2 protein chains.
Amino acid sequence: MADHKSCDRRAKSGQDLFSAGEPCDAIFNLVEGWAFHYQLLADGRRQILDFALPGAVLGFDGLSGAAMTYGVQALTDAVFCVVPRRALGPLSRRHPGIGLHLASSIARDRDAAFARLTSIGRQSARERVAHLMLELFVRRRSQWPGHRIEEMHLPLTQEHIGDATGLTGVHVNRVLADLKKDGILTFSYRRLVILDPDRLVDVAEADPGLVQSWIQYGVIEQEPGAETLNRGLASTGVDGPRQAQDGCVAPFTEVRRGASGAAHFGRSQAQRSAHPVVRLANQRCAC
Amino acid sequence: MADHKSCDRRAKSGQDLFSAGEPCDAIFNLVEGWAFHYQLLADGRRQILDFALPGAVLGFDGLSGAAMTYGVQALTDAVFCVVPRRALGPLSRRHPGIGLHLASSIARDRDAAFARLTSIGRQSARERVAHLMLELFVRRRSQWPGHRIEEMHLPLTQEHIGDATGLTGVHVNRVLADLKKDGILTFSYRRLVILDPDRLVDVAEADPGLVQSWIQYGVIEQEPGAETLNRGLASTGVDGPRQAQDGCVAPFTEVRRGASGAAHFGRSQAQRSAHPVVRLANQRCAC
DNA sequence: CGAATTTTTGAATAACTTCAACAAACGTGG
DNA sequence: CCACGTTTGTTGAAGTTATTCAAAAATTCG
């Protein structure tokens with residue numbers, strides 16, 4: 001797999017990793033920072049499709065050489081691990097697990113898109129904003145297991161929230177004002193405070209399974225006796241997580257292994273299982 | 001691969017293939033009929049996530065044994081090919097192409113979900129309805145290469161259109177009335193007539209790349225010198241399409257191979273290429 | 001500190017929903 | 001083939017939700 005080593009890439013906040021319409025010959029593993037998928041309409045209207053946290057796989061569209069249908073922009077300064085698209089074929093032939101693995105990762109992205117579709121299509125502005133804030137809160141907090149803080153920095157503006165929920169920034173502001181008045185949450189100048197988690201879950205109409213999926217956004221699936229599947233694509237261990245401690249011999253980094261983040265943040269998956277954590281989040285990929 | 005043969009399954013119009021919340025231990029290949037993915041909110045609001053035509057792969061969620069986050073319902077009487085989820089691991093180990101293949105298929109689903117997100121989130125009711133009608137028209141017509149008809153049967157009610165576009169059925173009706181008044185299209189009692197394709201594309205704000213992706217929804221990607229990737233998962237030929245004529249020795253059916261469906265519906269891919277069509281659409285899977 | 005960005009607020013408007021009633025097409029059994 | 005019940009579609013009026021435009025206040029960043 002050492003053959004597939006490749007360079008990494010840095011992007012400044014606000015900079016595009018790639019844009020809609022251009023072909024993308026590589027896939028990227030977000031190692032550090034935040035990014036988002038988006039699409040633009042001809043007149044400039046923007047839809048944010050998904051927020052990506054460290055561990056996300058970006059840029060795989062199934063059709064190599066085809067133009068991307070969406071763009072990816074860095075929300076903060078960010079670091080990506082680059083894998084040439086052409087390397088995937090040989091790679092998956094040598095390591096049969098990687099294909100299913102990737103499929104699994106993309107399926108999770110699709111499910112997230114489905115969830116957002118339902119939110120935007122069928123929920124009120126209040127529900128949508130609550131939904132997104134809850135999702136980002138849970139996903140972000142699950143990266144810092146052990147922390148219980150209900151206050152955190154989210155690198156978004158209210159305009160971003162609007163573009164993600166299908167609302168105008170102005171209306172998002174009014175909705176946030178309401179949520180604050182009701183003692184549910186506050187969000188201003190990139191600072192989110194959850195005042196009443198239970199009522200937030202209630203307003204968001206988030207069922208427990210959905211919240212669980214946010215928590216497990218980066219957690220491994222392990223097929224008994226088969227290869228390891230996880231979101232970030234295991235650093236090494238395609239035939240089992242045991243090899244994962246050998247260091248970075250592949251372009252992918254398992255970043256959020258062990259992110260449990262369940263309601264009360266019990267011990268992480270890594271602590272429960274015998275398998276070691278490959279690499280801490282927010283740490284640069286060494287390949 | 002003969003080991004992985006499995007039964008097929010039939011569903012009547014309106015019947016659920018599986019529901020949100022229940023685990024799904026198999027993936028399904030839609031062989032005949034229409035279906036759709038959907039989610040329900042607690043109070044009964046419904047969001048239709050995607051319409052599935054023959055060739056679609058349904059039920060793969062990446063996490064075996066986990067509860068599905070969405071349900072799938074048959075829109076017409078339908079026939080599915082069933083592949084136990086457990087068979088995928090061994091299968092992909094023996095045929096390394098199949099994992100990437102599946103990833104590719106799911107990536108296309110995700111991209112479709114992204115497109116719908118942008119439509120629902122940022123387009124007006126008129127644009128959304130035009131968008132969906134155009135998509136379904138193009139996808140359906142590409143299954144019948146050679147046909148130029150601009151009139152077709154779509155097995156949907158206006159209520160379905162509403163649930164897919166995030167509108168009420170009543171409002172969909174008004175929008176359709178407008179589109180008819182403007183000489184763009186007609187849809188009533190499951191009959192769609194495209195009156196002015198160019199203006200429809202215009203109203204839908206569909207860029208050519210997107211339309212192309214609808215057309216190619218079931219078309220093969222062929223990595224030079226590598227394995228074949230296509231939506232339905234190739235019947236046989238994991239190492240190349242040449243094996244595809246051996247008959248149905250796998251649980252998957254390549255249904256829409258050769259569906260070109262480009263603007264003027266020239267000869268199909270199958271006719272152009274030397275590779276035979278594995279199996280006609282709308283024909284039962286023999287496994 | 002000063003400039004740029006982001007948030008906040010108000011008033012008027014537009015878009016979509018809701019409720020309710022009626023009409024048209026479908027399909028089923030006699 | 002027709003009558004009848006059911007589903008689906010169509011229309012109107014009123015109400016709600018979210019947008020637009022515009023301006024001012026707050027915060028951040030260099």
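We name chains A, B, ... by the order of the sequence lines, and we start the count at 1 in each one. Not measured: the values here are computed from a predicted model.
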Checklist entry - For the pair made of CZ in B:R126 and C1' in C:dA14, what is the distance, rounded to whole Å? => result 16 Å
Checklist entry - Whole Å only: how far is the CZ atom of B:R190 from the P atom of C:dC26? => result 9 Å
Next on the checklist: Show the nearest heavy-atom pair for residues A:A130 and A:A204, with the distance to one decimal.
Outcome noted: C-CB, 3.9 Å
Item to check | Bounds of contact between DNA chain D and chain B, in 5' to 3' order, using a heavy-atom cut-off under 4.0 Å | outcome: D:dT8 to D:dA13
Next on the checklist: What contact category does B:G166 fall into here, base, sugar-phosphate, or nothing, at under 4.0 angstrom with non-hydrogen atoms?
Outcome noted: sugar-phosphate
Next on the checklist: Please give me the minimum heavy-atom distance between B:H131 and B:W214, naming the atom from each residue.
Outcome noted: CE1-CZ2, 3.7 Å
For nucleotides 8-12 of chain C, give me every protein contact, N/O to N/O, under 3.5 Å, one pair per line with atom names.
| from | atom 1 | to | atom 2 | distance (Å) |
| --- | --- | --- | --- | --- |
| C:dT8 | OP1 | A:S188 | OG | 3.2 |
| C:dT8 | OP2 | A:Q158 | NE2 | 2.7 |
| C:dT8 | OP2 | A:N173 | ND2 | 2.4 |
| C:dT8 | O5' | A:N173 | ND2 | 3.2 |
| C:dG10 | N7 | A:R174 | NH1 | 3.3 |
| C:dG10 | O6 | A:R174 | NH2 | 3.2 |
| C:dA11 | N6 | A:R174 | NH2 | 3.1 |

Item to check | Nearest-Å distance for atom pair CD/P, residues B:E127 and C:dA15 | outcome: 11 Å
Item to check | Considering all heavy atoms, the nearest A:Q39-B:F114 contact | outcome: OE1-O, 3.6 Å
Checklist outcome for this item: Between A:L192 and the options A:T186, A:L154, A:L156, the side chain to side chain contact (heavy atoms under 4.5 Å, CB included) test singles out A:L154
Next on the checklist: In this structure, how many angstroms lie between the C1' atom of C:dT18 and the NE2 atom of B:H171, rounded?
Outcome noted: 13 Å
Checklist entry - Hey, does A:D8 have a side-chain heavy atom less than 4.5 Å from the side chain of A:V31? => result no
Item to check | Length of the CG-P vector between B:L167 and C:dA14, whole Å | outcome: 20 Å
Name the atoms and distances for all side-chain donor-acceptor pairs under 3.5 Å in residues 164-178 of chain A, with sequence neighbours left out.
| from | atom 1 | to | atom 2 | distance (Å) |
| --- | --- | --- | --- | --- |
| A:T165 | OG1 | A:I161 | O | 2.7 |
| A:T165 | OG1 | A:G162 | O | 3.4 |
| A:T168 | OG1 | A:H171 | N | 3.1 |
| A:N173 | ND2 | A:Q158 | OE1 | 2.8 |

Checklist entry - Within this structure, what is the CD1-to-P distance between A:I161 and C:dT5, rounded to whole angstrom? => result 19 Å
Item to check | Partner residues of B:R191 under the salt bridge (charged side-chain N to carboxylate O under 4.0 Å, His left out) criterion, sequence neighbours left out | outcome: B:E151
Item to check | Pairs involving residues 114-134 of chain A, ordered by first then second residue, that meet salt bridge (charged side-chain N to carboxylate O under 4.0 Å, His left out) (sequence neighbours left out) | outcome: A:D50-A:R116, A:R116-A:E135, A:R122-B:D163, A:R126-A:D182, A:E127-B:R45
Checklist outcome for this item: Closest heavy-atom pair, B:I120 versus A:G121, reported as atoms and distance to 0.1 Å, is CG2-CA, 3.8 Å
Checklist outcome for this item: Bend of the helix from C:dC1-D:dG30 to C:dG30-D:dC1 from end-axis comparison, five pairs per end, nearest 10°, comes to 60°
Next on the checklist: Restricting to non-hydrogen atoms, name the atom on A:R10 and the atom on A:V79 that form the minimum distance, rounded to 0.1 Å.
Outcome noted: NH1-CG2, 3.5 Å
Checklist entry - For DNA chain C, whose closest nucleotide is more 5', that of A:L156 or that of A:R122? => result A:L156
Next on the checklist: Any heavy-atom pair between the side chains of B:R110 and A:Y70 that's under 4.5 Å?
Outcome noted: yes
